[in-house]
Amino acid sequence: MVIFGAGGDLTRRKLIPAVYYLCRDRLVPEQFAVLGVDRRELDDEAFRERLDGGSREFIGAELDTANWQRMLQCVHFLPGDFTDPDMYQRLAGRLAELTEADGMAPNFLFYLATPPRFFAGISTQLDRAGLLEESGGNWRRVIIEKPFGNDLQSARDMNRQLHEAMDEHQIYRIDHYLGKETVQNILAFRFANSTIEPIWNRQYIDHVQITVSESIGVEGRGSYYDQSGALRDMIPNHLLAVLSIVAMEPSNSFNADAIRDEQTKVLRAIQPLSHDEVLTSSVRGQYGPGILADGTRVPGYREESEVAADSKTETYAALKLMIDSWRWAGVPFYLRTGKSLPGRFTEVVIQYKHGPNIMFRDSLLKREDVPPNTLVLRLQPNEGIGMNFNAKVPGHSTHLGTVQMNFRYDDYFDNAPTTGYETLLHDCMTGDATLFKRADNIEAGWELVDPVLEVWSALPVRDFPNYAAGTWGPTAGEQLLKRDGREWRACEACHTNVT
Ligand SMILES: NC(=O)c1ccc[n+]([C@@H]2O[C@H](COP(=O)([O-])OP(=O)(O)OC[C@H]3O[C@@H](n4cnc5c(N)ncnc54)[C@H](OP(=O)(O)O)[C@@H]3O)[C@@H](O)[C@H]2O)c1
């Protein structure tokens, strides 16, 4: 496994811990090596020391010293610049040395943990150095990090450049959201339970909400974030990935392409917003100074380091999308994501339609006293699934109260600490691309986001900042649902999970 960008944050916080878990659980081959590539001047020993100091804390109490040391001995380092063609000759030489010394079958996984501007160049150089040629049954695979493009055109360009260097089956575009057990569990919940799927459609479901709420601000990532913004950073990848799993049709097998076909189909069935619709179906916001629920005062976005003092970048984005399909016609999907909101949580809310409530018409209960059922898929934290339904409050008169049936992962399964990356690394090594994005899937996502980007850039905002840190975003975000007679579900986790 070759990691480009081995001196970076992702390697330290996620990839090395993930490799550790895979080694500990004997999920990598006996003969396995990691070769880090980066412009830092380090040798094998210095790189190991760096990881020993930098990655341990991301494993925490779980760390088993013997396994950790064994893993470190598999790690090597090659200093070099990604843009230097000679470096790839040295890389080929180093790989030959490592694989010959250990008599390894040379399968190579190249992980591009680098800023996106290097994705195409590294792939081209790997190809030129002959490192992507698959022969004798040995594979060559490349994991590409996010963000994949910053609009439709750049995503298409990147796909084209990657395809010049290798075949689609060698490309693994990672979205770490798909590595989360809880996201994968949506598929199990929908398709392994005969009571769920029959009511998963427009006949029963009123609308769907998908929220990725972050309580932190940009935390030192200002220079990246100010170029990107909430919409680009979260929606084409994470939120649409979750949406496609919630809304896809069942595939006729668990084959990677069968599942990804269905995910792309559902994205293609979403009506792209016209420029007029962008004005009514999208909301953008930027936080100003505020006070979090725990009393901490936080600065506004424009005061964060490496952020322009007059930045027009959004830190909150919400969209209303409609899917043109027999299953979903008329059922809005509301998506929202933002920074410096009151809590850190990711959830999908399925709100069912009101029943006819005929039995209660002679009681004093009004229709609004009988809240609709909701199903909440909690992706993080408190991973699980909750069903809210109505029950009779004990007593002589008919009063209803909403109660909750709650499944928590922790109560049933050993929720081993994971980074989310180990599942994806393991899948890549075993050639299972189900949880990775295909070129068409990426482009289908950008096709939906592009019109919003166009309108937003043509109409610069005048009211930023328009929400205080620690609040639920701009009032327009609430209005997006209120206009339809709906509201965002109140967050239960927020009081305990402000970070
Ligand atoms: N960090 C995360 O948690 C996270 C999460 C999801 C996705 N990602 C994605 O993962 C990728 C890597 O992120 P990161 O946070 O690890 O980035 P990073 O900390 O900037 O790491 C990139 C590494 O590559 C090195 N580098 C830059 N230019 C180079 C060159 N020309 N030749 C050789 N080495 C070079 C950097 O060295 P210098 O330090 O000297 O520049 C740094 O060590 C990005 O695409 C990011 O969007 C990251």
Side-chain angles (χ1 to χ4, degrees), residues 1-19 34-42 46-47 50-51 53-55 57-58 75 77-88 90-91 94 110-126 142-150 154-155 158 162 171-180 183 212 214 216-230 232-239 241 306 337 339 344 346 380 418-425 428 435-437 442 499:
M1 173 175 170
V2 179
I3 305 179
F4 288 90
D9 184 59
L10 182 70
T11 305
R12 186 172 66 92
R13 292 195 309 123
K14 302 287 185 186
L15 301 185
I16 292 298
V19 168
V34 175
L35 177 61
V37 182
D38 199 283
R39 64 180 162 202
R40 272 151 234 272
E41 281 301 325
L42 302 172
F47 184 50
R50 189 183 153 86
L51 296 179
S55 293
E57 62 177 298
F58 296 101
V75 175
F77 192 79
L78 176 73
D81 194 300
F82 307 147
T83 57
D84 172 13
D86 290 345
M87 195 274 282
Y88 295 83
R90 287 190 288 120
L91 173 62
R94 192 70 202 276
F110 298 100
Y111 197 120
L112 309 196
T114 71
R117 65 180 183 282
F118 294 113
F119 295 163
I122 293 176
S123 304
T124 306
Q125 296 288 354
L126 286 173
V142 180
I143 296 187
I144 311 279
E145 256 301 335
K146 70 154 222 180
F148 197 94
N150 51 28
S154 58
M158 195 173 326
L162 295 180
I171 307 172
Y172 287 69
R173 297 172 194 79
I174 203 163
D175 182 342
H176 64 266
Y177 251 62
L178 294 177
K180 291 179 192 293
V183 175
V212 178
E214 295 179 281
I216 54 173
V218 287
E219 295 224 307
R221 289 173 68 227
S223 68
Y224 158 73
Y225 198 86
D226 211 33
Q227 301 301 314
S228 159
R232 281 193 173 96
D233 190 43
M234 300 297 289
I235 292 191
N237 37 61
H238 306 325
L239 277 93
E306 301 185 57
T337 182
K339 287 196 174 290
R344 173 179 170 266
T346 300
Q380 67 178 24
T418 63
T419 60
Y421 281 79
E422 54 270 22
T423 310
L424 297 167
L425 283 178
C428 178
L435 300 177
F436 293 85
K437 303 269 185 101
I442 292 269
T499 54

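This one's a predicted model, so the numbers in the text were calculated from it and none came from an experiment. Read the numbers this way: they start at 1 and go in the same order the structure lists the ligands and their atoms.
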For this session: Just jot down the ligand 1 atoms closer than 4.0 angstrom to any heavy atom of G7, in number order.
Result: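 Those of ligand 1 that fall under 4.0 Å from G7 are 43 (O).
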Problem set entry | Which of the ligand 1 atoms, numbered from 1, are nearer than 4.0 Å to a heavy atom of G80 |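 Those qualifying, in numeric order: 32 (N), 33 (C).
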Got an N/O contact under 3.5 Å between [X] and ligand 1?
| X | answer |
| --- | --- |
| R40 | yes |
| R13 | yes |
| K146 | yes |
| L10 | yes |
| F118 | no |

Problem set entry | Step-by-step side chain to side chain donor-acceptor pair (under 3.5 Å) determination, Y225 to E306 | CA-CA 9 Å; Y225 198 86; E306 301 185 57; over 6 Å; no
For this session: Measure the spacing between CG of L435 and NE2 of H176 and express it to the nearest 0.5 Å.
Result: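 The CG atom of L435 sits 13.5 Å away from the NE2 atom of H176.
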For this session: Hey, could you give me the CG/OG distance between L112 and S123, rounded to the nearest 0.5 Å?
Result: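 Those atoms lie 5.5 Å apart.
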For this session: Flag atom 21 (O) of ligand 1 as yes if some protein heavy-atom distance to it falls below 4.0 Å, otherwise no.
Result: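 Yes, there is a protein heavy atom closer to it than 4.0 Å.
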Problem set entry | Any protein heavy atom nearer than 4.0 Å to atom 38 (P) of ligand 1 |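 Yes, because at least one protein heavy atom sits under 4.0 Å from atom 38 (P) of ligand 1.
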Exercise. Are the charged groups of K14 and D9 less than 4.0 angstrom apart, N to O?
Worked result: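 The answer is no: the pair does not qualify as a salt bridge.
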Just by modelled atom types, is the [Y] backbone N or O under 3.5 Å from a matching donor or acceptor in the [X] side chain?
| X | Y | value |
| --- | --- | --- |
| R50 | G7 | yes |
| T337 | M234 | no |
| R232 | N150 | yes |

Exercise. Ligand 1 versus T114, non-hydrogen atoms closer than 4.0 Å: side chain, backbone, both, neither?
Worked result: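 Looking at T114 and ligand 1, just backbone atoms fall under 4.0 Å.
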Exercise. Side chain or backbone of E145 under 4.0 Å from ligand 1, or both, or neither, by non-hydrogen atoms?
Worked result: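 E145 to ligand 1: side-chain contact only, backbone stays beyond 4.0 Å.
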Exercise. Below 4.0 Å from any atom of ligand 1, is there a heavy atom belonging to D81?
Worked result: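 Yes, that is the case, since the closest heavy atom of the residue is under 4.0 Å from the ligand.
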For this session: Mark the output for P147 as yes if a heavy-atom distance to ligand 1 is under 4.0 Å, and as no if none is.
Result: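 Yes; P147 lies near enough to ligand 1 that a heavy-atom distance drops under 4.0 Å.
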Could you find the nearest protein heavy atom to [atom] and give me its residue, atom name and distance?
| atom | value |
| --- | --- |
| atom 17 (O) of ligand 1 | D9 N, 4.5 Å |
| atom 40 (O) of ligand 1 | R39 NE, 3.0 Å |
| atom 26 (N) of ligand 1 | F82 CE1, 3.7 Å |
| atom 6 (C) of ligand 1 | Y421 OH, 3.7 Å |
| atom 43 (O) of ligand 1 | D38 OD2, 2.8 Å |

Exercise. Any side-chain donor-acceptor pair under 3.5 Å between Y177 and T346?
Worked result: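 The answer is yes; a qualifying pair exists.
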For this session: Could you check E214 against K339 for salt bridge (charged side-chain N to carboxylate O under 4.0 Å, His left out), going step by step and ending with a plain yes or no?
Result: CA-CA 5 Å; E214 295 179 281; K339 287 196 174 290; 3.1 Å; yes
Exercise. So, is the end of the R173 side chain (NZ or CZ) under 6.0 Å from the ring centre of F148 and within 45° of the ring's axis?
Worked result: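 Yes, a cation-pi geometry holds between R173 and F148.
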Problem set entry | Output field: ring centroids F82/F4 closer than 6.0 Å |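 Between F4 and F82, which both carry aromatic rings, the centre distance is below 6.0 Å.
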